[in-house]
S.K.: 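Before I ask anything, here is the structure I am working with.
Along the sequence shown, residues are numbered consecutively beginning with 1.
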Amino acid sequence: MPTRKLTVRLPVDEIEFAKSYASSQGITLTELIDRYFKQLRFSPNEELHPDILRFSGIIPSDVESRNDYLNAIEEKHR
């Protein structure tokens with residue numbers, strides 16, 4: 001497929017993050033952007049799976065779930 005050069009202006013910290021992320025994934029920045037655009041094209045406005053929607057909001061926001069989880073693990077392994 002033919003390619004074309006594109007110039008994009010972004011904040012320096014965002015560019016550095018993107019470069020670092022791409023490098024950590026073993027790909028180029030160009031490939032990272034290409035993959036993202038392809039993902040947008042093939043799954044635009046993709047909704048969450050119904051099972052995930054069914055469970056969302058099941059734990060009240062005032063519950064310290066992380067602490068409860070850690071306490072349960074600690075109890076289990078005593």
S.K.: Could you measure the distance from the CZ atom of Arg78 to the CD1 atom of Ile73? Nearest 0.5 Å is fine.
M.R.: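 Between atom CZ of Arg78 and atom CD1 of Ile73 there are 12.5 Å.
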
S.K.: Which residues satisfy the salt bridge (charged side-chain N to carboxylate O under 4.0 Å, His left out) test with Arg4, sequence neighbours excluded?
M.R.: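 Salt bridge (charged side-chain N to carboxylate O under 4.0 Å, His left out) list for Arg4, sorted by chain: empty.
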
S.K.: Name the atoms and distances for all side-chain donor-acceptor pairs under 3.5 Å in residues 14-30, with sequence neighbours left out.
M.R.:
unit_1	atom_1	unit_2	atom_2	d
Ser24	OG	Tyr21	O	2.7
Thr28	OG1	Glu31	N	3.0

S.K.: Report yes or no: do Leu32 and Phe37 belong to one cluster of Ile/Leu/Val/Met/Phe/Trp/Tyr joined by side chain heavy-atom distances under 4.5 Å?
M.R.: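 Yes; Phe37 is reachable from Leu32 via cluster members.
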
